[in-house]
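Keep in mind that the numbers below use all heavy atoms, side chains included, and drop hydrogens, waters and symmetry copies.
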Amino acid sequence: MEVYPFFSIDSKLKEVARRAEEAAQPYFQEIEAIQRYNQQKMLAAFNRAGVSESHFVGSTGYGYGDRGRDVLDQVYAYALGAEDALVRHNFVSGTHTLTVALFGMLRPGDKMLCVTGTPYDTIQGVIGMEGREEPGSLKEFGIQYEELALRPDGTPDLEAMEQRITPAYKMIYIQRSRGYSLRPSLRVEDIAPIVEIAKRKAPDAIVMVDNCYGEFVEREEPLAVGADIIAGSLIKNPGGGIAPTGGYIAGRHDLVELCSYRLTTPGTGREIGCTLGNNRELFMGAFHAPHVAGEALKTAVFASALFSQLGFGVTPTVEEKRGDIIQVMLLENAKNLIAFCKGVQKGAPVDSFVVPEPSDMPGYDSQVIMAAGAFTLGSSIELSADAPLREPYAAWMQGGLNYHSGQLGMLLAAQEMVNEGLLHLQ
């Protein structure tokens, strides 16, 4: 039976795909074992919180007494290994969620140290880094920011942390994912020694992890190795491709409470905030999240195998352990990069007819091209690819609600490069 009866895929590319899938199979087994574990953990979270249909009812106005909102917090807290969690549809993005957490926990005169190099582009404006000073930034509120460079191989510099971290720092900040860089994303086992050093050198410092793209990739989250607070977006891994918007903050109860006062007002915190009928989708998204994160991981592993066999550099490689769902293809030039994104768009269930083009975007210092035909605008747990048009002309690909459509999307990306005469198959 023809494997791809509805799409025109070059026969030589089909053979490369067959070999790539064969190479990926052993790693699929590992991913499926993690899926099984995390799905059971999520079901246990729902059972423990006593989720019922009555929790799906929406509230309006102040949202006093919204039982579903409060129970959803309990579900995420258990699933993420946290004392407490704050899960809300009115976190408008991952950056907004992180911003609420930072402003909730830091005060004028405090110092924070990012130990994973320069953070993701949109966070730079929140911090008020040089050249990115924005009104209302942490810097404008008198919060001091410092960063520690990564080692030449892109890994955290533990020796430098031993020398640099002191009780003068209120927060030690860790970005788990690579952002628009080629450094390795951090696994929980990579975060553990950072936390150990931070707690030993600055016992009262808050260790915060930007956990975006990393949720349910492993059996445990950074809280399991001593991080105090984690945060992320619901239109990435933890929303399961169903949550239409939102974010979460999870960790120590006292810190989550502080964040809730920043989200609403001092004194009211988490006690107000209507859900406007979003509860059902947020619960469903949470339940599906472990499985969907695994499907996105399988798509990433296949993409790594496929494009490495096509002669391109990839990171991570097929055999590398992964700390998030992101796969990077080093496509060498702008033409290849644009063609790749066009192909990804053709593999989307929504807006497949749209042709992505590079454009200026708020928060970025160069033109960006994005391919994302998603049911939820901007959702990166759905198959998507994006990149700034600058060296090294790499495509950052992530997502895939199910492996079969994600795998096909990667084939269509390669096929577009073939169609434009940029990729010549042997």
Side-chain angles (χ1 to χ4, degrees), residues 82 93-130 132 134 137-151 154-158 160-181 183-188 190-215 221-223 225-233 247-252 255-256 258-259 262 323-324:
S93 67
T95 300
H96 177 215
T97 310
L98 294 163
T99 301
V100 168
L102 289 168
F103 275 95
M105 294 182 288
L106 296 174
R107 299 291 182 266
D110 285 345
K111 293 171 64 176
M112 66 178 285
L113 174 68
C114 179
V115 295
T116 47
T118 303
Y120 187 73
D121 297 57
T122 54
I123 288 293
Q124 294 175 27
V126 175
I127 293 167
M129 293 176 63
E130 186 174 351
R132 300 294 303 277
E134 302 286 352
S137 68
L138 291 170
K139 180 179 180 180
E140 199 171 78
F141 278 79
I143 295 164
Q144 302 173 56
Y145 170 82
E146 297 176 12
E147 68 184 39
L148 194 59
L150 296 166
R151 293 168 59 87
T155 58
D157 192 336
L158 300 179
M161 289 180 211
E162 290 277 6
Q163 301 301 316
R164 184 73 171 274
I165 296 174
T166 72
Y169 291 106
K170 177 66 177 292
M171 175 178 286
I172 306 301
Y173 185 85
I174 301 167
Q175 181 177 293
R176 182 174 184 178
S177 191
R178 64 183 66 214
Y180 281 147
S181 77
R183 62 96 160 167
S185 298
L186 301 184
R187 303 182 67 227
V188 172
D190 302 318
I191 294 171
I194 301 175
V195 175
E196 189 280 325
I197 293 169
K199 293 297 183 181
R200 177 162 44 81
K201 304 290 287 188
D204 296 328
I206 299 164
V207 178
M208 177 177 173
V209 179
D210 171 356
N211 206 33
C212 286
Y213 298 105
E215 299 91 353
E221 302 297 329
L223 298 170
V225 294
D228 295 303
I229 204 85
I230 60 176
S233 166
Y248 76 90
I249 299 169
R252 274 173 37 190
L255 299 178
V256 172
L258 289 175
C259 296
R262 172 67 188 188
D324 65 12

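Under the 3.5 Å distance criterion, the side-chain polar atoms of Arg176 are left unmatched by any main-chain donor or acceptor of Val209. With Asp228 contributing its side chain and Met208 its backbone, the two residues share no donor-acceptor pair below 3.5 Å. The backbone N or O of Gly128 sits nowhere less than 3.5 Å from a side-chain atom of Glu140 that would complete a donor-acceptor pair. With Arg132 contributing its side chain and Ile127 its backbone, the two residues share no donor-acceptor pair below 3.5 Å. Not one N or O on the side chain of Arg178 forms a donor-acceptor pair closer than 3.5 Å with the backbone of Gln175. Remark: the backbone N or O of Ala231 is not paired with any side-chain donor or acceptor of Thr97 at under 3.5 angstrom. Between the side chain of Glu147 and the main chain of Thr116, no donor-acceptor pair closer than 3.5 Å is present.
Side-chain contact between Asp190 and Thr155: absent, with no pair of heavy atoms (C-beta onward) separated by less than 4.5 Å. Counting only heavy atoms from C-beta outward, the side chains of Pro119 and Tyr145 approach each other to under 4.5 Å. Within the 4.5 Å cutoff, the side chain of Leu98 has heavy atoms near those of the Tyr173 side chain. Contact annotation: the side chain of Met112 approaches that of Leu102 to within less than 4.5 Å [non-hydrogen atoms, C-beta and beyond].
Tyr120 OH to Ser181 OG: the interatomic distance, rounded to the nearest 0.5 Å, is 11.0 Å. Of the inter-residue distances, the one linking Leu186 atom CG with Asn211 atom CG reads 10.5 Å to the nearest 0.5 angstrom.
Judged as a side-chain hydrogen bond (donor to acceptor under 3.5 Å, both in side chains), and not counting sequence neighbours, Thr166 has no contacts.
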